[in-house]
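Data block below; observations after.
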Amino acid sequence: MGKVFQETTKPFSSPSSSSSSPSISTSTSITDTVIGSHQFKITGYSLSKGIGIGKYIASDTFMVGGYAWAIYFYPDGKSVEDNASYVSLFIALASEGTDVRALFELTLLDQSGKERHKVHSHFGRTLESGPYTLKYRGSMGYKRFFKRTALETSDYLKDDCLSVHCSVGVVRSHTEGPKIYSISVPPSNIGQHFGQLLESAKGTDVNFEVDGEIFAAHKLVLAARSPVFRAQLFGPMKDQNTQHIKVEDMEAPVFKALLHFIYWDSLPDMEELTGLNTKWASTLLSQHLLAAADRYALDRLRLLCEANLCEDVAINTVATTLALAEQHHCFQLKAVCLKFVAMPENLRAVMQTEGFDYLRQSCPTVLTELLEYVARVNEHSVIASRHGNEAILDGSDINGRRVKQRL
């Protein structure tokens, strides 16, 4: 906490106010640190040697204090003067904008279990010039982090793999004046109120028949949430019978999940809805719900489903998810699926699933993109093996090979 500054104002003296007390106001300058960390695993260390002095392998970006950061590992060192005899390790600011003041700690983890980690830290000690100030792409770290010959015979290197832990502390300052009130405002619970309205079925004025099941709802709520429902219930081309509407090409659990989101503004419990305690069932429901969200122009629901499917990519569902991403223009989901399928250890298994047959029939153009992606991955692998720069692609566990199309 910084100093407290006081400002004293002496009022104008006059015969009638000479005995008045001076007015005093106070403010406090507060400087604190927001700390976050990231663990970076570097596999295939021996292949990364020879990449070239000054060239680095970067971690994924991570957020601390509202700014993006990345770890840079230089297998051949950053400085030409060291002639590749040291490895270098730096933390870099990846956000554009204003300068950022920060502290950092870089740790090379001991993988023998002895916990003799190599730590370089600026936390907990006095710095003569204070925290570092970084601009966009600026970095801080150590050119001579570890002598390479010593590293390669140490417990820090195991199975040709290194593990780096980085902590970043973003320094922030702000000034506070005195508060004359303290009111705790609860978060909005409008979704809970609308959800309870749906569950009570009070005041419902429209029924939907979906796959043999009836769902009661409120026209105004549906119209407020979905432009498609608004046109269907109140537009010039509205359905002739707006009291009872039959929904085609959708299953009952999917429509139930759709209504849950419209009223509660959140996703339902997928396992509870399907009655199945499996990731496969949740993935399949998310696929159908994404299509329903696109059908009724519920953009937030579509993005929630897209995010869930990106997290749950697996051998037995990735082909149908890729077809879905293509049909509903989910570009990030499509990129995740292409990357997963193109991995050599996944490609053959994915091609043996029924979902791949569906992909081939429904989206033949995606196969062309997939072949181009596989070619790029293979080309990158060849270049990496020649120059010692390994590309890391993350996948997920294999969970069966067959896909069932209905819930």
Check your understanding: What is the ring orientation for Phe215 with Phe255, classed by angle as parallel under 30°, tilted 30 to 60°, or perpendicular over 60°?
Key -> tilted
Practice item. Kindly check if the number of other-residue, nucleotide or ligand heavy atoms within 6.0 Å of NE2 (His329) is above 12? Key: no
**Study point:** Heavy-atom pair with the smallest gap, counting every atom of Asp205 and Gln243
**Key:** O-OE1, 3.2 Å
Review point. Which is it for Glu209 and His244 under the side chain to side chain donor-acceptor pair (under 3.5 Å) test, yes or no, and what are the steps along the way?
Key: CA-CA 7 Å; Glu209 182 181 345; His244 186 95; 3.1 Å; yes
Review point. Taking atom CE of Met140 as the centre, does the number of heavy atoms from other residues, nucleotides or ligands within less than 6.0 Å exceed 12?
Key: yes
Exercise for review: Rounded to the nearest 0.5 Å, what's the gap from CD1 on Ile262 to NE2 on His218? Could you check?
Suggested key: 12.5 Å
Review point. Just wondering, do Thr353 and Val318 contact through their side chains at under 4.5 Å, heavy atoms?
Key: no
Exercise for review: For residues Pro268 and Leu273, report the shortest heavy-atom separation together with the two atoms involved.
Suggested key: CG-CD2, 4.0 Å
**Study point:** Residues in side chain to side chain contact (heavy atoms under 4.5 Å, CB included) contact with Leu198, at least two apart in sequence or another chain
**Key:** Leu259, Tyr263
**Study point:** Leu290 vs Glu306 side-chain heavy atoms within contact, under 4.5 Å
**Key:** yes
Review point. Taking atom CE of Met250 and atom CG of Leu258, what is their separation to the nearest 0.5 Å?
Key: 6.0 Å
Review point. CG of Asn241: more than 12 outside heavy atoms within 6.0 angstrom?
Key: yes
Check your understanding: Any idea which heavy atoms bring Leu267 and Asn308 closest together, and the distance?
Key -> CD1-ND2, 3.2 Å
Review point. Does atom CD of Glu311 have more than 12 heavy-atom neighbours from other groups under 6.0 Å away?
Key: no
Check your understanding: With His328, which residues qualify under ring-ring contact (aromatic ring centres under 6.0 Å, His included), at least two apart?
Key -> none
Revision key, fill the gap. The single option from Tyr45, Tyr156, Tyr86 that satisfies ring pair (Phe, Tyr, Trp, His ring centres under 6.0 Å) with Phe146 is Tyr156
Practice item. Check the pair Glu176, His174 against side chain to side chain donor-acceptor pair (under 3.5 Å), reporting the backbone distance first and the verdict last. Key: CA-CA 7 Å; Glu176 291 184 355; His174 65 282; 3.1 Å; yes
Check your understanding: Just checking, is any N or O donor in the side chain of Asp160 or Ser46 under 3.5 Å from an acceptor N or O on the other one?
Key -> yes
Check your understanding: Can we say Asp110 and Lys118 salt-bridge, meaning some charged N sits less than 4.0 Å from an Asp/Glu carboxylate O?
Key -> no
**Study point:** More than 12 heavy atoms of other groups within 6.0 Å of Gln192 CD
**Key:** yes
Check your understanding: Could you walk me through whether Thr320 and Gln287 pass the side chain to side chain donor-acceptor pair (under 3.5 Å) check?
Key -> CA-CA 8 Å; Thr320 50; Gln287 290 176 338; 3.1 Å; yes
Check your understanding: Hey, what's the ring geometry for Tyr132 with Phe104, parallel, tilted or perpendicular (30° and 60° as the breaks)?
Key -> tilted
Point to revise | Non-hydrogen atoms of Ala94 and Thr61 that approach each other most closely | key: CB-CG2, 4.1 Å
Point to revise | Arg360 side chain reached by Asp357 side chain, heavy atoms, under 4.5 Å | key: yes
Exercise for review: I would like to know whether Leu367 and Leu371 meet side chain to side chain contact (heavy atoms under 4.5 Å, CB included); could you show each step before the answer?
Suggested key: CA-CA 6 Å; Leu367 295 183; Leu371 289 174; 5.6 Å; no
Exercise for review: Quick one: do Ser37 and Ser167 satisfy side chain to side chain donor-acceptor pair (under 3.5 Å)? Show the steps, please.
Suggested key: CA-CA 4 Å; Ser37 61; Ser167 293; 4.7 Å; no
Practice item. Determine the minimum heavy-atom distance between Ala84 and Ile53, stating which atoms define it. Key: N-CD1, 3.9 Å
Practice item. Go through Leu233 and Ile245 one step at a time and tell me if the side chain to side chain contact (heavy atoms under 4.5 Å, CB included) criterion holds. Key: CA-CA 10 Å; Leu233 296 170; Ile245 298 174; 3.7 Å; yes
Exercise for review: Please test Asn316 against Trp280 for side chain to side chain contact (heavy atoms under 4.5 Å, CB included), starting from the C-alpha separation and ending with a verdict.
Suggested key: CA-CA 8 Å; Asn316 65 329; Trp280 169 82; 3.2 Å; yes
Exercise for review: May I ask you to test the Pro227-Arg230 pair for a side-chain heavy-atom distance under 4.5 Å?
Suggested key: yes
Check your understanding: Does the side chain of Ser163 come under 3.5 Å of the side chain of Gln39 through a donor N or O and an acceptor N or O?
Key -> yes
Practice item. Carefully, step by step, assess Ile57 and Ser48 under the rule side chain to side chain contact (heavy atoms under 4.5 Å, CB included). Key: CA-CA 8 Å; Ile57 298 172; Ser48 69; 3.6 Å; yes
Point to revise | Identified side chain to side chain contact (heavy atoms under 4.5 Å, CB included) counterpart of Lys334 within the set Leu322, Leu324, Thr321 | key: Leu322
Review point. Is Lys49 salt-bridged to Glu152, cutoff N-O under 4.0 Å?
Key: yes
Study note, to complete from the structure: Distance col, row Ile91:CD1 vs Phe40:CZ, nearest 0.5 angstrom, shows 10.5 Å
Point to revise | Heavy atoms from other residues, nucleotides or ligands near NZ of Lys55 exceed 12 (cutoff 6.0 Å) | key: no
Exercise for review: For residues Leu298 and Ser226, report the shortest heavy-atom separation together with the two atoms involved.
Suggested key: CD2-CB, 4.1 Å
Check your understanding: Is the shortest distance from a Lys or Arg side-chain nitrogen in Lys143 or Asp82 to a carboxylate oxygen in the other one below 4.0 Å?
Key -> no
Review point. Is the closest side-chain heavy-atom distance between Arg302 and Leu289 below 4.5 Å?
Key: no
Review point. Above 12 or not: heavy atoms from other molecules or residues under 6.0 Å from CD1 of Ile214?
Key: yes
Check your understanding: For the residue pair Phe62 and His38, does the interplanar ring angle fall in the parallel (under 30°), tilted (30 to 60°) or perpendicular (over 60°) class?
Key -> parallel
Exercise for review: For the pair Asp265 and Arg225, find out whether any cationic side-chain nitrogen is under 4.0 Å from an anionic carboxylate oxygen.
Suggested key: yes
Check your understanding: Heavy-atom distance under 4.5 Å between the side chains of Glu251 and His288, does that happen here?
Key -> yes
For residues 63-78, tabulate all N or O donor-acceptor pairs below 3.5 Å that involve a side-chain atom, not counting sequence neighbours.
from: Trp69; atom 1: NE1; to: Val64; atom 2: O; distance (Å): 3.3
from: Trp69; atom 1: NE1; to: Tyr67; atom 2: O; distance (Å): 3.4
from: Asp76; atom 1: OD1; to: Gly50; atom 2: N; distance (Å): 3.2
from: Asp76; atom 1: OD1; to: Arg148; atom 2: NH1; distance (Å): 2.5
from: Asp76; atom 1: OD2; to: Gly50; atom 2: N; distance (Å): 3.0
from: Asp76; atom 1: OD2; to: Ile51; atom 2: N; distance (Å): 3.0
from: Asp76; atom 1: OD2; to: Gly52; atom 2: N; distance (Å): 2.7

